[in-house]
Structures are given as C-alpha cells and as structure tokens.
Enquirer: 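Let me begin by handing over the structure; questions about it come next.
Nothing here was measured: the structure is a model prediction, and the numbers come from that model. We're numbering straight along the sequence, starting at 1. We count ligands from 1, going down the list as the structure has it; atoms in each ligand are counted the same way.
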Amino acid sequence: MAFEKVSTILKDADARKTAVLAYDCFNYESIAWLVEAGEELSIPVIIMLYPTMMETIPASVFAAITKKMAKTVKIPVGLHLDHCDSYETILGAIRDGFTSVMIDGSKLEYNENVRVTCEIVKAAHALGIDVEAELGKVGIAANKGDFKNEDMYTTAEQAADFVAKTNVDSLAIAIGSAHGWYVETPKLSMPRLKEINKAIDTPLVLHGGTGIPEDQLRESFKLGINKLNVGTEYFALFYSTTKDYQQVKDKKDSLFAMQGYQKKVIKDYLLNKLKWTIPEKKASR
Ligand code: 13P
C-alpha cells in the first residue's frame, strides 16, 4: 500500500466512520516515528508540513523522507501541505512532491475564499493533486472567544454552497476547536457537525487537535470528521522529552541515549493517540 493519495485515505476513513490522524512534522524523527507507530497498529497516517517549517527543512527533502518511509510499510501514508495562503508556495510544494495541499482562505470574505480556493483547485486537480480548504474560522485556543463563539462556526448551508462552487476534496470546518493550547476545555458542537455532514459528502477535517478530550474526538469521528490535525502537543512532547531526560535516573550523558528515550516516549504517545481512531465495538449482550 504505502504512499497514497490523501483523498483515497480520507474516503476509506469515511467508509469506516473514523478519522485519520494528520501530524505536523518537522524532521526525520517526527515523520519516521509516526509512520512506524501507524504500521505497528495497521492504522494509516498523514504527514503534514506547515509552510513556515520550510525554513528548517526544504519541502523537497520533507517529501522525499515521507515517500521513502512510506515504501518501508504496508499502511497507507499520505503527504499534505498544511495551512497555506500563497499560490506560489502551494505550486512550489506540488513541484517538490506534495500530493495534497491546503488553501486556507478562511480569513477572507466568503466570495474571496471561494475565488482563491477555485484558483488552487483548478491548478491542483489538473495535476492530480488533492485540495483541502477551510470554511468558518478556526482561531487561537488561547482566546476563549475564538472557539466558544458560534458566530465563527461553519454553517451547513454555506458548506454545501462552498463545496458545490469549489469542488474541494476535503473541508476543514469550525465547530468549536482552535489552534494551540486551550485556556478552557473545548466543547465541540456535535449538532453542527451532524448538520454539515448531512449537507455534504466531502470528507471533513478538524483542526486544533491538541488537547481535545478523547470522548469528544471519538464522537466527532463517528459523526463525520475524517481527518484530525495535530501539531502543538507533538512539538511540545519533542521539546519536553529533551528536558525530562535530564531527570532520568542513571541516564547516560549521550545524545543517542537521549534520542532512544525520546523515541520511546513519543512512540508510546502516538500508539495511544492513534488508537482513538479505532471505532469502539458495541458491547454485545
Ligand atoms: P494544534 O496545533 O492545536 O494541534 O492544531 C494543529 C492544526 O490544526 C494544524 O493544521
């Protein structure tokens, strides 16, 4: 199976009434350990690159690592450019090997969001590349108003109109999540999610996956979320493990010993989180 189109991965997740975890990655280890964890559980994964990370790792190198890793496993592995509002950067990423991109026009007025999204879809689809867009506003989790204010949420009517006009392959929606660390536990609007999922067949994406409780995520996967984006908690774990290692009893003062410790902690985290996408079996009587 190995390297796969994100649209194919998401259609399969939709058929299984679950989501695929999509992580913002930034180096070899963050890609490789996610692919390894997915393979251990036979669960597909999506590797994402945030455009500003291209200052740290060139998109072509990132794409090459992902494709090489994908060749070593049986699970489907997708590659996606996260949040991008630049036509040039998106086309550059496609040139560099990305097979799925996000055009984020959510800060724009509705008709302008439709226009820029159509522009990307036209170019990307001609090249066989998948496109994710965003409708509604997924703000910053440090601002309560950004995820509690229902005026910012996506409406089913607009989602239907947007998808019909743009023909996107997946749609990121606002239903009560936000990016970064939440100042208060979020409460996703399941009724809104149900309405949107009823109105469109397009796979739905939830951003701001850091810190949303497991029960809410599982419920959202059942109700139509097919891709969950996670970044902040993954970055934080890489950082905290480098510090925590200093407290490990009998630690070896060696970079490679530290990396071994880091890999164990991060793989355990990933193995646990990936399991959230396995639909729970109803208890049999
Ligand atoms: P978090 O950083 O809150 O996990 O969100 C990531 C995200 O949505 C990337 O698109």
Enquirer: Starting from atom 3 (O) of ligand 1, what is the nearest protein heavy atom, named by residue and atom, and what distance separates them?
Expert: G180 N, 2.8 Å

Enquirer: Less than 3.5 Å between some nitrogen or oxygen of G208 and one of ligand 1, yes or no?
Expert: yes

Enquirer: Which residue is it: H83, E134, H207? I am looking for the one with a side-chain hydrogen bond (donor to acceptor under 3.5 Å, both in side chains) to S106.
Expert: E134

Enquirer: Show the atoms of ligand 1 that are less than 4.0 angstrom away from any heavy atom in D24.
Expert: 9 (C)

Enquirer: Which residue and atom name correspond to the protein heavy atom nearest atom 10 (O) of ligand 1, and how close is it?
Expert: D82 OD2, 2.7 Å

Enquirer: Out of curiosity, E40 CD to L271 CG, how far, rounded to the nearest 0.5 Å?
Expert: 5.0 Å

Enquirer: Where is the nearest protein heavy atom to atom 4 (O) of ligand 1: which residue, which atom, and how far?
Expert: T210 OG1, 2.5 Å

Enquirer: Around atom 2 (O) of ligand 1, find the nearest protein heavy atom and jot down its residue, atom name and distance.
Expert: T232 OG1, 2.6 Å

Enquirer: Hey, what's the ring geometry for F62 with F98, parallel, tilted or perpendicular (30° and 60° as the breaks)?
Expert: parallel

Enquirer: Would you say the ring centroid of Y50 lies under 6.0 angstrom from that of F26?
Expert: no

Enquirer: Just to check, does H179 reach to within less than 4.0 Å of ligand 1 when the distance is taken from its heavy atoms?
Expert: yes

Enquirer: Salt-bridged, E195 to K198, with N to O below 4.0 Å?
Expert: no

Enquirer: What atoms of ligand 1 come closer than 4.0 angstrom to any heavy atom of V230?
Expert: 4 (O), 6 (C)

Enquirer: Can you tell whether the side chains of E36 and K267 come within less than 4.0 Å, N to carboxylate O?
Expert: yes

Enquirer: For atom 6 (C) of ligand 1, what is the nearest protein heavy atom, given as residue, atom name and distance?
Expert: G231 N, 3.5 Å

Enquirer: Report, in ascending order of atom number, the atoms of ligand 1 lying under 4.0 Å from any heavy atom of G209.
Expert: 4 (O), 5 (O)

Enquirer: If you count the atoms of ligand 1 from 1 in the order shown, which ones are under 4.0 Å from a heavy atom of H83?
Expert: 10 (O)

Enquirer: What about the rings of W33 and F238, do their centers lie closer together than 6.0 Å?
Expert: yes

Enquirer: Look up atom CG in N226 and atom OG1 in T18, then write down how far apart they are to the nearest 0.5 Å.
Expert: 8.0 Å

